[in-house]
Amino acid sequence: MPQQQFSHARGVLARRCTAVVQARWFAVTVFSLILANAALLGAETYSGIVAGWQHWLRLAEHVCLVAFTLEIVLRLAAHADRPGAFFRDPWNLFDLAVVLCAFLPVVRENTTVLRLLRLARVLRTARFLPQLRIVLMAVVRSLPGTLSFLLVGALLLYVYAMVGWVFFGSHDPEHYGSIGRAVLTLFLLMTLDGIGDAVHGGLDISRWSLLYYGSYVLLASFVLVNVLIGVVITSLDEAREMDGAAPAEPRPHAERTEPRPHADRTERTALAHRIEEARRALDALERELVRTPPPPVDGTRRRIPTAQRRD
């Protein structure tokens, strides 16, 4: 009996907190607090504002922390009847970590870490912006492909840097005097910034430099960049499918989906014909049952009256 009462109390608490958490005003309030926290963090970069409003800025930060703590408590209470569902959501874990870290003594005493933690709260806007959430998921899913891209890019830079050091090291030591300078020069040329000056300078040394820079620009600025764009687009499509296929949490107070108020005219006509045919078949069956006499109980053959036989 006490176990049933406890389960019932948890269910009531979860339903009430779910109604609050899923309310529109609650989402708007939390989103506004996140933006206010970001604005406060930006205002603290101005020394004049900090000198004149330090007390109020600190008070506003405490208010935001209390509000975020209350929010995460309500979200936990909304999952009182199913606590495992709360911890299976990565965004809930992120919100919980951001809020709990603010109470750690090491974090509270370190101003730099505390500011970085407050900056992480800005990322919580992704919970309320579905498109931003999809983009962040795409960035995370594109990390394996991006690492492969970086490996291929580093290999390409190293090979061309060595070739550039061999051909241009003695003539242009400022840009190709060592492998490090050559890599830096080619990395900047990957964005096509200063490619014209580099080509003109290479032509003064050798005409083969045109082939060197042309092949490098073709591979680094066009092929590799398009490969990276393809990886990101593929990850974006996968993230969009994952976000669309993610199961929604059960809503105790969710309303039933109402049927369409107006069905298609063709479907209604076909349905009316079927109903009419069913009525005719039922009427014919009823007339047949009335005409057919019941079977005799004693096994003797019952004599059918003449009037009924004529019918």
Side-chain angles (χ1 to χ4, degrees), residues 6-44 55-141 239 242-254:
F6 180 70
S7 301
H8 177 70
R10 287 197 309 173
V12 173
L13 177 63
R15 287 194 297 270
R16 292 181 179 179
C17 292
T18 301
V20 175
V21 170
Q22 294 179 349
R24 183 175 179 82
W25 63 266
F26 183 82
V28 173
T29 302
V30 175
F31 186 75
S32 302
L33 286 173
I34 294 174
L35 295 182
N37 176 78
L40 290 173
L41 190 61
E44 291 179 0
H55 174 71
W56 296 105
L57 290 175
R58 187 175 298 275
L59 179 61
E61 164 60 19
H62 290 325
V63 170
C64 290
L65 181 59
V66 171
F68 289 140
T69 305
L70 180 61
E71 178 216 356
I72 203 67
V73 169
L74 286 175
R75 292 189 183 277
L76 281 169
H79 294 78
D81 55 342
R82 52 187 195 284
F86 178 86
F87 295 99
R88 284 194 296 267
D89 189 352
W91 289 106
N92 289 335
L93 296 178
F94 176 75
D95 296 344
L96 183 63
V98 169
V99 172
L100 290 181
C101 288
F103 294 96
L104 297 178
V106 179
V107 176
R108 296 180 62 182
E109 296 172 0
N110 195 324
T111 307
T112 304
V113 177
L114 184 60
R115 287 179 178 176
L116 292 177
L117 182 64
R118 292 173 58 189
L119 183 62
R121 296 176 188 171
V122 181
L123 297 177
R124 298 187 59 209
T125 54
R127 174 186 287 275
F128 308 98
L129 301 176
Q131 294 299 327
L132 180 58
R133 184 171 61 248
I134 292 175
V135 170
L136 291 178
M137 291 175 59
V139 170
V140 174
R141 291 191 61 84
M242 289 178 59
D243 187 76
E249 295 184 0
R251 299 180 59 181
H253 299 280

Practice prompt. Measure across Glu61 and Leu40 and return the closest heavy-atom pair with its distance rounded to 0.1 Å.
Written response: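 Smallest heavy-atom distance, with atoms named: N-CD1, 4.3 Å.
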Exercise: identify the closest heavy-atom pair between Ala14 and Ala78 =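 Closest approach of Ala14 to Ala78: CB-O, 3.6 Å.
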When rounded to the nearest 0.5 angstrom, what distance separates [atom1] in [X] from [atom2] in [Y]?
X: Leu33; Y: Leu65; atom1: CG; atom2: CG; answer: 11.5 Å
X: Leu76; Y: Glu71; atom1: CG; atom2: CD; answer: 10.0 Å
X: Thr69; Y: Leu74; atom1: OG1; atom2: CG; answer: 11.0 Å
X: Thr18; Y: Arg75; atom1: OG1; atom2: CZ; answer: 10.5 Å
X: Arg15; Y: Asp81; atom1: CZ; atom2: CG; answer: 8.0 Å

Stepwise side chain to side chain contact (heavy atoms under 4.5 Å, CB included) test for Phe94 and Asp89: CA-CA 9 Å; Phe94 176 75; Asp89 189 352; over 6 Å; no
**Prompt:** Can Phe87 and Asn92 be said to form a side chain to side chain contact (heavy atoms under 4.5 Å, CB included), step by step?
**Reply:** CA-CA 7 Å; Phe87 295 99; Asn92 289 335; over 6 Å; no
Q. Yes or no on side chain to side chain contact (heavy atoms under 4.5 Å, CB included) for Val98 and Phe68, after CA distance, side-chain angles and deciding distance?
A. CA-CA 9 Å; Val98 169; Phe68 289 140; over 6 Å; no
For Arg58, enumerate each residue passing the side chain to side chain contact (heavy atoms under 4.5 Å, CB included) test, keeping only those at least two apart in sequence or located in another chain.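 By the side chain to side chain contact (heavy atoms under 4.5 Å, CB included) rule, Arg58 matches Gln54, His62.
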| said: Among residues at least two apart in sequence or on other chains, which ones pass side chain to side chain donor-acceptor pair (under 3.5 Å) with Glu44? | reply: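 In terms of side chain to side chain donor-acceptor pair (under 3.5 Å), with neighbours along the sequence ignored, Glu44 is linked to Arg118.
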Could you please spell out the steps behind the side chain to side chain contact (heavy atoms under 4.5 Å, CB included) verdict for Ile72 and Phe86?
CA-CA 11 Å; Ile72 203 67; Phe86 178 86; 4.1 Å; yes
